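These notes are about the structure you will find just below.
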There are 2 protein chains.
Amino acid sequence: MGEGETTAFPLIWTQPPPRRRGLDREKIVAAAIRVADEAGLDGLTMKAVAAGLGPYSPMALYRHVHSKEGLFDLMLDAATAEIPLPGEPGGDWRDDLRTLALETRRMTARHPWFAVLVHARPPAGPHMMRRLEFMLTVLVRQGATVGEAMTYAALIDRHVFGSALQESEEARQERRHGLDDDARLYAAIAALRELAAADGRLPHLTEWLTHPAGPTPEERFAIGLDFVLDGIAGRLP
Amino acid sequence: MGEGETTAFPLIWTQPPPRRRGLDREKIVAAAIRVADEAGLDGLTMKAVAAGLGPYSPMALYRHVHSKEGLFDLMLDAATAEIPLPGEPGGDWRDDLRTLALETRRMTARHPWFAVLVHARPPAGPHMMRRLEFMLTVLVRQGATVGEAMTYAALIDRHVFGSALQESEEARQERRHGLDDDARLYAAIAALRELAAADGRLPHLTEWLTHPAGPTPEERFAIGLDFVLDGIAGRLP
DNA sequence: CTGGGGAAGTTTATGTCGTACACGAAGAGT
DNA sequence: ACTCTTCGTGTACGACATAAACTTCCCCAG
């Protein structure tokens, strides 16, 4: 049959040009991040990453990242590298920590998968370690012990990544159920409200589902962050 | 033809007694929770749940729960039902919220998978709704609007489930890498410390990895919870 | 210039999952 | 006794991660 034979008649001219060595960790991680940003963690398969790099087979990636979990670790550290990190703490410890928290939040907004993965992997990447070291330095300079500083840093990150996780999972649900247009979203809320109203003992929840009100996500984040920073301030010597 | 026969020799006695209708949601959910408690979320497969119920096929479950996500929802609500919930708020709003947070934490200690799933599913189960309503009631009685109460309740839960998530994922890592005995755990920490020390710019982190110190998980939880409750108190009218 | 070793990518295969579908058998209601 | 419904099974399919064996190419030592 046709001249594009791979089986019967191997004419060199019709064969695809041999693949040059084009892959490395950086490219693979960048492609994986691109895929995860666009398709979510569910869409992050080895096949999809390979396809995002060109005509590669999924197995090609294993030569460079040796497992999907390894790829996760590299993705986490690459995303963490995007967070601007001062070389030295500035004059105001609260500003230092607040700014870092806000920048971290901005990164998680670009990479919604981050908050999911960060809870599943140990934070051993170099950029993640440097970021943590910065928080520790800021707190230790205010008189905290290293153990206390670890506790406070963990509380800040709990809030940052907790917010990010909740918001990204909400967005995921909406995308999965096609709630992007207002009509569907309204219907989904109405269904929830009916459920709550049917119980009969949920007046406040029903009210909120009828008139959802309250601070924006951004304001909610700031409120919680202030709670943590105020709390830390109250415990510094 | 002979009755009961599937193969060559139709002896009724060698046939298993026909399966009676024994499954229902409750049993399935209880079995699923048992499996997840013991084997973790990775071990929670339809096959494992069916096996935990007796000689059932995995497909039998679908008659009652229609999908694995549906099973997740039922598991979340069943676990939430284990949290003691007063019918009415008591005299002290802080005590009410703190007690609920602590009881919730006790539940997540029994069911480490809870914190993972709760972030992935909408909290629409009746018990989850009642629990939320309780928090809203407590806060609204102190003068918060429903919108504010939602914000504060979310912050409390963020801390409770964030702690649980972190602790359960740490435990999972340790189990997965067989760090149950001290020698291996020590080696793992040493490896991390080498990594940190090699960077050269991570003195505080290195110090902490050399002498891990600080509050116990329980104390850390209490500290963060106080931060949130203090913050709420400062914003109530 | 050459040939051999190792690295990069592909093909093929394996085992595990969730779950759709069609079937058969076991009560329940008439 | 007959039918309708409800429950559980067997089989099958398509993803997915990844192991193993194979092929092709590059580079460097002689």
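Just so we're on the same page: letters track the sequence lines, and every chain starts at 1. Nothing here was measured: the structure is a model prediction, and the numbers come from that model.
- Between Arg63(B) and Leu61(A), the one whose closest nucleotide on DNA chain C sits nearer the 5' end is Leu61(A).
- When the side-chain nitrogen and oxygen atoms of His64(A) are compared with OP1 and OP2 of dA7(C), none of them lie within a distance under 4.0 Å.
- Taking every heavy atom of both residues into account, Lys68(B) and Thr45(B) meet most closely at NZ-CA, 4.3 Å.
- Within the structure, the ring-ring contact (aromatic ring centres under 6.0 Å, His included) test picks out the following pairs touching residues 114-134 of chain A (sequence neighbours left out): Phe114(A)-Phe161(A).
- Considering only the side chain of Ala60(B), dG8(D) comes nearest among dT11(C), dG9(C), dG8(D).
- A donor-acceptor pair shorter than 3.5 Å cannot be found between the side chains of Arg193(A) and Thr206(A).
- For the ring pair (Phe, Tyr, Trp, His ring centres under 6.0 Å) test, residues two or more places apart in sequence or in another chain that qualify with His111(A) are Trp113(A).
- In this entry the distance linking OH of Tyr56(B) with P of dC7(D) reads 12 Å, nearest Å.
- In this model, a donor atom of one side chain and an acceptor atom of the other lie less than 3.5 Å apart for Thr104(B) and Arg131(B).
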Scoring nucleotides 16-21 of chain C by protein non-hydrogen atoms under 4.0 Å (B base, S sugar-phosphate only, - none) yields -SSBBB
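- Atom pair Ile28(A):CD1 and dA8(C):P shows a separation of 10 Å (rounding to whole Å applied).
- Around atom CD of Glu26(A), no more than 12 heavy atoms belonging to other residues, nucleotides or ligands sit under 6.0 Å away.
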